[in-house]
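For reference, the structure is listed below as structure tokens.
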There are 2 protein chains.
Amino acid sequence: MSTTYFLEGVDRVMKVLDAFTADEPQLRLTDLSDRSGIPKPQVLRILSTLETRGYVERDPRTKRYRLGLRLFELGAIVRQEMDLRRVAQPWLDSLAEATLETVALVVLDALGPVCVEVVESPKGLRVFAQVGRRMPWNAGTSGKVTLAYLAEETREQILARTEFKRYTNLTVTDPDALRKELRDIRRRGYHVSAGDLDEDALGMSAPIFDEGGTIVAAVSVVAPLTRLSGAESECFVNHVCETAAAISRRLGHRRRADEEAADD
Amino acid sequence: MSTTYFLEGVDRVMKVLDAFTADEPQLRLTDLSDRSGIPKPQVLRILSTLETRGYVERDPRTKRYRLGLRLFELGAIVRQEMDLRRVAQPWLDSLAEATLETVALVVLDALGPVCVEVVESPKGLRVFAQVGRRMPWNAGTSGKVTLAYLAEETREQILARTEFKRYTNLTVTDPDALRKELRDIRRRGYHVSAGDLDEDALGMSAPIFDEGGTIVAAVSVVAPLTRLSGAESECFVNHVCETAAAISRRLGHRRRADEEAADD
DNA sequence: TTATACAGTTTCAATAGGCGTAACTCGGGG
DNA sequence: CCCCGAGTTACGCCTATTGAAACTGTATAA
């Protein structure tokens, strides 16, 4: 296809790397070939080249491939670059202190929100929030909040193109139902969802905007369902919203009238 | 050249990614082209493709390229996989508590040691150790210690192939001088170095071995030169060695006679 | 021990896709 | 108004890449 700027070969490299996940961090050649849809010999050549520079390595024990330290290095550069993280830290800490529940900061890129910082609840029973985990658009709380505040065009593209996965029987997978929920989020300015990503967990998020008024992240509090009574969660929601607002302000965001009104 | 398993195209992708560093995390097309030695149109094509999957992104403000959140995700998988980190954590903590100085854990791969965990000194004046930073072989303390305990063949390859960089006027850049220092490290079982990576810092490290007796990591204590008197550093060295030994033991390593004797 | 299966590696010839040169657009500064 | 440098297209050459298929090696069953 004599089309745009797209190199098949480069895409294949990413396909191979993308085959590794947190759940299956070690893979054999055959697995990689299957997952990426690239014939084995070629995967072998790609891997060997990647190994050259430490992008992948082989576990000497299992002989399987896994992601290499070089990627850890690159990840650290990305992390260091996210000054939002640094900026937000103190507010996250005090939110955690106030709620005694797990607090998370998720940052948005074109592919979705990624959890970049977590302050864990001191309590024994707590929700696990994994730094580095990419969250779905349609389940949990951070994905929906960020989606809600994206520019309409982008949002509609995502709603149209994405095949939404079901996580529990409460997960919303229908685009129209989701659209409705998003409208609701924009009206309220925050979102609370229970049991739609993780059966027994509840989460609440509020959006963080940059100085241009673009959504860039969200703060969430997540907790076991059993622990949050209505009254308490009401109070937590306020904390979350205030935290998000404070961080937004710190980023140079001034709350504007049109946002308050934004409804569709 | 009709060599073995090596794909030019894949290598170029890595060349482009490798152009980004912690010091220069945002680059323009031209910079990337210069640094990687790849002509601009090709770099553009590579970047566009990488952007597709979130491996790089453009700072909307500066229009420059930077590494994307996808790499943060992959880095988090690597981090999660490093069980050495989990295993070592308690010992690092207690070492930090005992010394009140910055403690670091560096892990080895084929390309060198990478700092994967840091416990910061509580004191106001302290050495900055960056998680995710790749350390040089020839300067500082972790690089030399790990190099010292590598299999002779590997070590010699590194000594032969590497162009050692000078960081201060105390940095050892001559392979022969370095060889001598390494022999010394093997005899003592630890290493203390001052001012050869960072003018005013002193570091000490001891090696960590896996159950096969292979070097896999090192623990270090780093501190401002001014703070460590001879007596104190003597005492700290013991702590460091004990910590390293404890972690090694935890990994299944049994100290063997031949290691103690190993001198060349 | 031999037979079987499956992972990984090597070969090789055909060609799709990557490649660099060169020309062009765009925008900012002098 | 022109110049310069960054970024983007166009285009045709040609080689590095590619996948089928054959082969090796190794673990497991019979």
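FYI, side chains are in, hydrogens and waters are out, and symmetry mates aren't considered; it's all heavy atoms of this structure. From a predicted model like this one, the values you see are computed outputs, not experimental measurements. Naming: A, B, ... by sequence-line order, numbering from 1 per chain.
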On the side chain of R45(B), is there an atom forming a donor-acceptor pair with the base of dG17(C) - under 3.5 Å, no angle test? no
Heavy atoms, side chains only, cut-off 4.5 Å: are L67(A) and E81(B) in contact? no
Could you state the atom-to-atom distance from CZ of R12(B) to C1' of dG18(C) in whole Å? 9 Å
Let me know the distance between CG of L32(B) and P of dT8(D), rounded to the nearest Å. 12 Å
note: E8(B), atom CD; dG20(C), atom C1'; distance rounded to Å ~ 13 Å
Position toward the 5' end of DNA chain C (nearest nucleotide), P39(B) or K40(A): K40(A)
R64(A) CZ to dC6(C) C1': how many Å, rounded? 14 Å
Strictly distance-based, threshold 3.5 Å: is any side-chain N or O of T214(B) a donor or acceptor partner for the main-chain N or O of D210(B)? no
Check the distance between dT10(C)'s P and L29(A)'s CG and give it to me in whole angstrom. 12 Å
Under 4.0 Å: is that the gap between some side-chain N or O of T30(A) and OP1 or OP2 of dC6(C)? no
Find the distance D34(A):CG to dC6(C):C1' and express it as a whole number of Å. 12 Å
Over all heavy atoms of both residues, which pair between Y65(A) and E51(A) is shortest? Give the atoms and the distance, please. CE2-OE1, 4.3 Å
Here's a test of your reading of the structure: between D31(A) and G9(B), which maps to the more 5' nucleotide of DNA chain C? D31(A)
Rounded to whole angstrom units, what separation is found between the CG atom of D11(B) and the C1' atom of dT17(D)? 15 Å
Approximate separation, where rounding is to 0.5 Å, of T21(A) OG1 and L27(A) CG: 7.0 Å
By nearest atom, which of the nucleotides dT8(D), dA7(C), dA21(D) is closest to the Y65(B) side chain? dT8(D)
When the distance from CD1 of I38(B) to C1' of dG20(C) is rounded to whole Å, what number comes out? 12 Å
